Number of protein chains: 2
Amino acid sequence: MTHEGVDLGSSVGYALKVAATALRTAMDGALRPLDLSVSQYSCLEVLRQRPGLSAAELARATFVTRQSAHALLQGLEHRGLLSRPTAPASGRALPTRLTADGVDVLARATRLVAEVEERMLAGATASDRARLLDDLTACAAALDAPVAAGRAPEDGTPA
Amino acid sequence: MTHEGVDLGSSVGYALKVAATALRTAMDGALRPLDLSVSQYSCLEVLRQRPGLSAAELARATFVTRQSAHALLQGLEHRGLLSRPTAPASGRALPTRLTADGVDVLARATRLVAEVEERMLAGATASDRARLLDDLTACAAALDAPVAAGRAPEDGTPA
DNA sequence: TGCGTCATGTCAGCATCCTGACATAGCCTC
DNA sequence: GAGGCTATGTCAGGATGCTGACATGACGCA
């Protein structure tokens, strides 16, 4: 019945895909009680660390397009989790900030996500985790991927 | 960073997502000359290892729905990379097999994908790779993800 | 001052993948 | 043999994210 080559089973790339998919699915399930998608959670998390971000900046930070970020922001704003000025203060950018509700929801979401990650790494020691983090970061870097969330052009932090 | 500080840069989950995204992007770019998407490549690869799979079986093997698999198969069949009988032989399942063209295209695709994976792991020794593969597989398993790609339809991972 | 360039927000269209539903073929139980 | 159960193929609709395009505001330079 299973007389196939073991190609896929021994491929790091395939394992990477499977693990990432499993993580995404698990996070999605964990965040469901809060009625939050993974993308929305990421958005809130980035916004907490960098308040006042515009939609375009946030898009770059979360590796999506401006359009997707915009749709995401609209939904979260409608739910009162974040606020944006109706008119731009200086340029065209609309700086976004979390509301009190947003901070609260994010705190709970963070807890849930942390539980998922803890479950994923339950069998790993601290040094195991550090090593895995290192390996994954190296993989992304080797593929010329923006590994840092702050690679926004307007950050003015050239290499 | 008082009590809820989650630094994205030191999160294994985040690194996993970034690495997987980078890999997918790189594979997509590598396969573009063959006019093949990653999903299509996966489909061909699974089909090579397990000829005669039905659309539903292939869907389970590639972690997508029957509908997605069906659409994928139609496209690949239209391009002459695989063939399916017009009428079911015994049940309703339509066993799918690669054509000669399909085998040829897949061979080239496999080469391109292998180059990408090699680039990703360029700085890793054989034992590094084995360890990373182990870690990723363990992560997926801990999240209750179906790890087996070449298994029978019943993945055998009950809750 | 006037113009070109860039960044941003926004609209429209397209692709992909999903959930939901339905019809049919084979198998199992009675 | 009849009826249910499961698996498969297929159609319809929706959610999400992308590319392309356009208008506007800030900035740099002749």
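Lettering of chains follows the sequences in order, A, B, ..., and the numbering in each one begins at 1. Note that this is a predicted model, so its numbers are computed, not measured.
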Can you find a side-chain donor-acceptor pair between [X] and [Y] that sits under 3.5 Å?
| X | Y | answer |
| --- | --- | --- |
| B/Asp128 | B/Thr125 | yes |
| A/Thr65 | A/Ser68 | yes |
| B/Gln74 | B/His78 | no |

Contact letters for nucleotides 20-26 of chain C, in which S counts primed atoms plus P, OP1 and OP2 and B counts the base, heavy atoms under 4.0 Å: BB-BBSS
Side chain of A/Ser39, heavy atoms from C-beta onward: which of D/dG17, C/dT10, C/dC17 has the nearest atom to it?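 So the nucleotide nearest the side chain must be D/dG17.
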From the list C/dG9, C/dT19, D/dG17, which nucleotide is the closest neighbour of the side chain of B/Thr65? C/dT19
Just the rounded figure in Å: distance from [atom2] of [N] to [atom1] of [X].
| X | N | atom1 | atom2 | value |
| --- | --- | --- | --- | --- |
| B/Arg84 | D/dT8 | CZ | P | 13 Å |
| A/Leu72 | D/dG17 | CG | C1' | 11 Å |
| B/Gln74 | C/dT16 | CD | C1' | 14 Å |
| A/Leu73 | C/dG9 | CG | C1' | 11 Å |
| B/Arg24 | C/dT16 | CZ | C1' | 10 Å |
| A/Gln40 | D/dG17 | CD | P | 9 Å |
| A/Leu58 | C/dA7 | CG | P | 18 Å |
| A/Asp28 | D/dA15 | CG | P | 15 Å |

Around atom CZ of B/Arg79, are there more than 12 heavy atoms from other residues, nucleotides or ligands closer than 6.0 Å?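 Correct, the count exceeds 12.
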Is the count of non-hydrogen atoms from other residues, nucleotides or ligands lying under 6.0 Å from A/Arg129 atom CZ greater than 12?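 Yes, the 6.0 Å shell around CZ holds more than 12 heavy atoms from other groups.
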Salt bridge A/Asp135-B/Arg131, side-chain N to carboxylate O under 4.0 Å: yes
Only pairs at least two apart or in different chains count here, so list each salt bridge (charged side-chain N to carboxylate O under 4.0 Å, His left out) that has a residue in residues 107-117 of chain B. B/Asp104-B/Arg108
Please classify the nucleic acid contact of B/Ser37 as base, sugar-phosphate, or nothing, using heavy-atom distances under 4.0 Å. nothing
Under 4.0 Å between any heavy atoms, over every strand shown, what does B/Ser54 touch: base, sugar-phosphate, or nothing? Just pick one.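 Sugar-phosphate: the residue B/Ser54, judged by heavy atoms under 4.0 Å, touches backbone atoms but no base.
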Counting only side-chain nitrogens and oxygens, does B/Ser68 get under 4.0 Å of the OP1 or OP2 atom of C/dC18? yes
Which residue lies toward the 5' end of DNA chain C, A/His70 or B/Val64, if each is placed at its nearest nucleotide?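 Between the two, 5'-proximity favours A/His70.
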